[in-house]
Amino acid sequence: MTSLATPTRTITYREAMRESMSDAMRNDPRVFLMGEDVGRYGGCYAVSKGMLEEFGPDRVRDTPLSEAAFVGAGIGAALAGLRPIVEVMTVNFSLLALDQIVNTAALYSHMSGGQFNVPIVIRMTTGAGRQLGAQHSHSLEVWYAHVPGLKVVTPATVEDARWMLPTALEDPDPVIIFEHAALYNSEGDLPEQGAPVDLDRAVVRRPGPDVGLITYGGSLPKTLAAATELAEEGISAQVLDLRSLRPLDTEAILTTAASTHRIVIVDEGWKTAGISAEIAASIAEGAIWELDAPIRRVCSVEVPIPYARHMEDAALPQTAGIVAAARELVGR
Amino acid sequence: MTSLATPTRTITYREAMRESMSDAMRNDPRVFLMGEDVGRYGGCYAVSKGMLEEFGPDRVRDTPLSEAAFVGAGIGAALAGLRPIVEVMTVNFSLLALDQIVNTAALYSHMSGGQFNVPIVIRMTTGAGRQLGAQHSHSLEVWYAHVPGLKVVTPATVEDARWMLPTALEDPDPVIIFEHAALYNSEGDLPEQGAPVDLDRAVVRRPGPDVGLITYGGSLPKTLAAATELAEEGISAQVLDLRSLRPLDTEAILTTAASTHRIVIVDEGWKTAGISAEIAASIAEGAIWELDAPIRRVCSVEVPIPYARHMEDAALPQTAGIVAAARELVGR
Amino acid sequence: MSDSHHLDLLRQMLRIRRFEERCAQLYQAEKIRGFLHLYIGEEGVAVGVIGSLLPDDAVVATYREHGHALARGMDPGAVMAEMYGKMEGCSRGRGGSMHLFDASRRFYGGNAIVGGGLPLAVGLALADRLRDQPRVTAVFFGEGAVAEGEFHESMNLAALWNLPVLFCCENNLYAMGTALERSESQTRLTLKAASYEMPAWEVDGMDVLAVEDAARKAIESVRSGGGPHFLEMRTFRFRAHSMFDPELYRSKEEVEVWKERDPIELFTRRLITDGGLTEDDLATMESDVAEEIEAAVAFAEAGTWEPVEELTRFVYSEVVPS
Amino acid sequence: MSDSHHLDLLRQMLRIRRFEERCAQLYQAEKIRGFLHLYIGEEGVAVGVIGSLLPDDAVVATYREHGHALARGMDPGAVMAEMYGKMEGCSRGRGGSMHLFDASRRFYGGNAIVGGGLPLAVGLALADRLRDQPRVTAVFFGEGAVAEGEFHESMNLAALWNLPVLFCCENNLYAMGTALERSESQTRLTLKAASYEMPAWEVDGMDVLAVEDAARKAIESVRSGGGPHFLEMRTFRFRAHSMFDPELYRSKEEVEVWKERDPIELFTRRLITDGGLTEDDLATMESDVAEEIEAAVAFAEAGTWEPVEELTRFVYSEVVPS
Ligand SMILES: Cc1ncc(C[n+]2csc(CCOP(=O)(O)OP(=O)(O)O)c2C)c(N)n1
Ligand SMILES: Cc1ncc(C[n+]2csc(CCOP(=O)(O)OP(=O)(O)O)c2C)c(N)n1
Ligand SMILES: [Mg+2]
Ligand SMILES: [Mg+2]
């Protein structure tokens with residue numbers, strides 16, 4: 001009496017990420033984790049909790065507050081053949097390491113005529129929504145997505161949290177993983193028998209012909225909720241989860257545009273020159289005649305993110321705003 | 001026998017910039033210039049040559065190689081009521097100061113509920129084209145244009161080089177001025193009686209109904225050259241110089257789209273998630289039914305900029321590529 | 001030094017302590033949200049240093065800055081309202097616990113980027129230097145910040161240009177869960193200052209009088225053109241790093257040992273022994289402080305929410321200063 | 001030390017000198033473009049240090065790295081072809097003068113960001129440490145880089161983790177036009193190292209034997225687990241910062257005084273005096289070197305341009321290493 005359905009287990013995004021890292025470290029002695037408070041503290045967001053005990057301080061390496069140096073050291077260790085996972089506590093602090101990421105990691109392969117490669121994985125928490133104020137609420141994924149030489153992924157489901165990392169570690173080039181803070185406690189069902197997933201294809205999370213909602217990362221749950229609400233009104237929305245911001249899966253974007261003719265882009269980044277702009281631009285270049293309505297972008301309001309709950313809520317994309325934009329496009 | 005035409009004089013972009021700074025320093029004791037090698041060396045691009053002699057080392061202040069600290073010090077001095085002009089030698093090194101620019105300068109006003117403002121002007125050289133290799137050839141204007149709280153301008157003519165700065169210094173908020181290295185030697189005619197110019201409006205540098213070429217900064221000369229070539233083929237191209245990347249003059253962009261129905265965007269930044277994407281997105285949102293052809297972007301190829309001349313030329317937008325794109329759009 | 005001055009020092013420390021204890025409760029009650037970093041155990045530092053500044057001096061602090069704000073004379077009601085996210089808050093409710101500001105007191109925040117306030121402080125001092133104003137800028141930062149590049153660049157700039165900055169290192173031995181000896185190869189932090197030719201003293205941060213004494217001397221020297229000074233104040237935070245910290249990285253015993261050096265208890269005992277303070281005085285002081293804090297809470301409770309329509313205000317300045 | 005070793009040191013320095021003199025001509029002839037930073041006057045440093053490394057050690061350099069590349073044994077033809085922008089160049093013509101690379105010699109560049117190579121070097125050494133490989137990473141940087149945060153963060157990390165890094169500070173007294181005393185409040189740079197508890201020695205960078213001696217001792221200590229070491233090599237660049245520099249910031253006299261301590265002339269005279277070298281030997285050496293350099297130029301001239309179609313290659317790796 002075996003079940004035909006794949007056996008699954010319920011797991012949080014945080015646990016999935018931790019399992020993924022631990023597994024990689026068990027399987028490959030070249031892999032190690034390094035960052036501020038990943039060890040004794042257990043990780044700022046408790047992602048690496050318990051890992052110090054299993055792997056010891058050499059491989060779960062607490063660093064001083066020196067973002068430039070320890071990210072750069074990760075790059076050096078990767079150049080030397082190791083497979084570092086460097087955790088930058090949040091994207092806000094990654095500004096201090098940008099020089100190393102852009103001027104070293106992203107350029108070394110091309111600039112050396114292909115002699116070197118930098119197989120580093122850099123993980124960072126991103127996003128707002130927890131009343132942490134302007135300096136702790138950035139969503140700067142788009143900056144990284146702009147840079148040739150980098151790959152940028154945004155796992156939004158427990159499956160991607162569990163299975164993107166092994167692929168990223170196999171990748172010979174720098175991969176940046178953005179983990180939205182609001183996702184860590186989210187739960188999902190994970191097949192017992194999983195396998196590494198690709199890093200470059202968007203996935204339709206919900207099919208639907210009436211309007212296409214294109215999003216990624218921390219905005220996926222809000223967008224799915226919007227689709228559910230829209231369904232109650234008889235509007236069947238398609239939800240496309242980009243998963244990767246560099247490379248962007250333009251083909252999937254154009255397919256969604258061609259099959260729904262109405263596009264709402266949902267992005268927690270600021271609107272102007274955000275990744276939402278690139279998505280809109282690809283459609284304007286590649287599928288403009290497919291559109292039955294102008295493209296709509298639901299993004300963060302162009303303000304530093306305020307502390308007060310009601311103001312923060314007003315600054316960020318919310319389900320209601322997504323629903324309203326979609327409704328408008330389909331003319332209801 | 002006086003001439004009715006405004007008297008003008010020929011001046012280089014470099015001289016215009018220098019005159020602008022010197023003039024501001026003569027008129028306002030709060031203004032000072034600070035940066036690496038602005039004094040004794042005369043400025044990496046010789047922009048501030050001779051200024052040390054006139055204003056002394058307190059007001060033409062050489063800094064150590066400490067981008068984060070001296071930009072942050074400029075922010076502090078601005079908060080305290082001075083009007084610093086901080087020169088970051090090139091945009092490539094500004095990555096080391098991004099934390100201060102984004103997490104301090106851009107946020108302080110909003111985050112403090114309007115108690116503080118940061119009247120700093122940050123100048124930096126940008127762009128490629130001089131065979132300086134991957135680490136010295138970035139065009140990252142788009143990153144800055146993404147950030148609320150900043151203003152971003154890109155003078156492309158001697159007039160803007162001469163007259164944007166006084167307006168920027170009057171501005172109570174941080175203004176970033178991007179000077180494309182290829183422009184410093186360019187010459188132009190400057191009216192003898194000039195006056196400060198606005199920082200937020202695009203200008204049509206050449207009128208024309210057949211195709212709209214939208215550009216800014218270092219790409220303006222190439223784009224104007226393309227328009228001249230196109231004219232020889234009977235295609236009358238409109239050239240819109242954005243001048244400001246934040247705020248973007250969306251109205252002017254939409255007007256160009258509405259009056260030409262065919263848009264080519266020319267941008268030395270990489271294409272994906274570049275400022276070109278934002279321009280395309282605004283059109284896709286606001287003027288999509290005006291278009292008779294998909295939007296075209298002529299940007300840098302998505303590679304680190306190589307050293308060898310022929311490879312660098314191939315990586316950057318060139319007049320021929322602009323002409324070809326425009327020709328294609330008008331169906332020739 | 002007068003008895004009344006001593007009593008004032010005690011009162012200042014007590015205000016901060018009781019204020020923050022109340023904050024912790026209000027956090028549990030979900031009145032305060034976001035990150036909340038308590039200064040409990042370190043009060044002697046802010047009180048000793050900031051009490052020694054003049055009104056026109058400047059203060060730059062970190063995300064652990066309630067104590068500095070109160071010591072600087074900011075209204076506890078405005079600070080509490082800020083943490084409630086109310087419009088009457090000192091930053092209009094936009095900043096929260098980590099971003100307290102008060103332009104009228106030259107209190108430049110509240111900075112949530114470790115090390116981020118240091119260049120700013122250098123700039124404030126540079127402005128004073130260029131205008132020949134005999135003002136001092138005191139900048140506070142944790143020992144964890146000493147590993148950041150921005151710290152070193154700022155130290156060098158201040159020393160090189162002989163700027164009136166007082167660098168106040170609050171060495172509480174931990175940066176989140178990272179102990180100093182896992183953060184610095186050389187844990188004698190005054191040697192960093194020495195490498196910039198900057199005078200530097202180690203100070204017992206649990207002794208408010210020692211802090212005050214060192215601060216006064218340093219401030220006097222800074223103000224009179226002696227260039228920047230560096231004070232390493234040895235202290236300890238008695239509570240977790242923030243409300244999310246399970247404190248896996250240190251033992252209860254270690255904390256208990258430090259609690260025996262509680263700056264408030266030590267100073268109270270000393271004043272009682274010296275006869276400057278009676279148990280009655282103390283009780284009165286406590287009840288005055290309690291009253292002030294309850295008033296602050298009431299002020300915050302009565303505060304209003306900024307209208308959402310104002311969200312986009314102040315991204316850019318509304319008035320062009322001349 | 002044997003005579004032949006001394007002759008070899010001299011030959012290495014001479015190769016670099018003549019190579020770069022030729023580069024300067026080729027820049028005037030517009031064969032070489034972009035930025036070109038000459039090492040002339042500083043040859044003793046690269047030769048003394050790099051000659052003391054083992055083949056499996058690593059080198060990280062700056063944009064002023066022709067000398068380091070040649071001292072590391074890179075083929076002058078491949079280096080010259082790189083500066084020509086030819087596909088036969090050591091970086092396929094993509095890097096130019098500032099980005100010489102050679103994976104086979106563990107020569108990690110060529111970095112045009114001041115201070116940018118330091119974290120990288122720490123990481124290379126960390127990898128060796130984690131794999132228990134007794135290798136050394138030598139990283140070169142100018143005294144100007146000492147003001148950068150990345151320098152300090154890297155020094156601390158290397159010392160804290162006891163990593164096998166040799167920090168080689170090339171103190172040529174100027175960073176572009178900025179003299180050391182306008183860049184550092186404390187100009188004794190070894191004190192910076194001391195503030196990280198890192199052994200540090202001042203070395204006469206114009207004396208190749210002194211450099212070699214210090215380097216050998218330091219490298220031995222680093223290799224045997226003694227942790228990172230810091231060498232301050234006092235030297236001088238005889239030429240302008242780059243081909244665009246009008247040298248407004250220093251006097252001809254200052255340069256002339258230093259030229260009297262030309263490392264090549266000094267060492268030549270010494271060998272002649274000691275009898276290890278005759279004028280004839282020297283002439284032979286010069287002509288050998290000239291021949292080698294002409295061969296390098298010929299190689300570069302004969303090189304080919306990378307097809308434009310290859311522009312997008314190597315943005316991402318072509319082969320997935322296992
Ligand atoms: C640049 C940066 N990196 C990391 C963090 C996250 N973080 C916040 S506080 C902190 C510890 C700082 O310790 P210390 O400077 O000693 O100050 P303390 O909290 O002990 O007062 C860390 C790592 C941050 N806010 N900024
Ligand atoms: C981060 C950064 N800032 C500025 C520059 C521009 N720049 C190139 S070399 C140089 C001087 C560096 O001096 P030093 O470190 O002493 O090395 P030297 O050139 O004397 O060998 C400067 C300012 C740069 N390349 N990188
Ligand atoms: Mg601390
Ligand atoms: Mg130098």
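Values below: all heavy atoms of this structure, side chains included; hydrogens, waters and symmetry mates excluded.
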Tightest non-hydrogen contact, residues B:Ala314 and D:Val308, listed as CB-CG1, 3.5 Å

Heaviest contributor of heavy-atom pairs below 4.5 Å to chain B, chosen from D:Gly85, D:Gly144, D:Ala112, is D:Ala112

If one checks every heavy atom of D:Ala145 against chain B at 4.5 Å, the contacting part turns out to be backbone

Minimal heavy-atom distance between B:Arg40 and D:Leu248, with the atoms involved, is O-CB, 3.6 Å

Output for pair (D:Ile113 CD1, B:Leu65 CG), nearest 0.5 Å, gives 11.0 Å

D:Ala147 and B:Pro64 have their tightest heavy-atom pair at CB-CB, 3.6 Å

For B:Pro306 and D:Leu311 the tightest heavy-atom approach is CG-CD1, 3.7 Å

For a 4.5 angstrom cut-off between non-hydrogen side-chain atoms, does D:Thr178 reach B:Glu36?
no

Okay, D:Leu36 and chain B: the region with an atom under 4.5 Å from a heavy atom over there is neither

Heavy atoms of D:Met176 and B:Asp37 approach each other most closely as CB-OD2, 3.0 Å

Check this for me: D:Arg188, atom CZ, are more than 12 non-hydrogen atoms of other residues, nucleotides or ligands nearer than 6.0 Å?
no

Hey, are the side chains of B:Met311 and D:Trp305 touching, using non-hydrogen atoms and a 4.5 Å cut-off? no

Note: B:Leu96 and D:Glu150 closest approach over all heavy atoms is CD2-OE2, 3.4 Å

Ranked by heavy-atom pairs below 4.5 Å to chain D, first place among B:Lys49, B:Arg130, B:His136 goes to B:His136

So side-chain hydrogen bond (donor to acceptor under 3.5 Å, both in side chains) across residues 63-76 of chain B, not counting sequence neighbours, yields none

Q | Mutual orientation of the aromatic rings belonging to B:Tyr41 and D:His241 [parallel < 30°, tilted 30-60°, perpendicular > 60°] | A | perpendicular

message = So does D:Arg33 get a backbone contact from the side chain of B:Tyr307, meaning a donor-acceptor N/O pair under 3.5 Å?
response = yes

By residue number, those in residues 297-305 of chain B with heavy atoms under 4.5 Å from heavy atoms of chain D are B:Val301, B:Glu302, B:Val303, B:Pro304

Whatever's closer than 4.5 Å to a heavy atom in chain B on D:Phe151 counts as neither

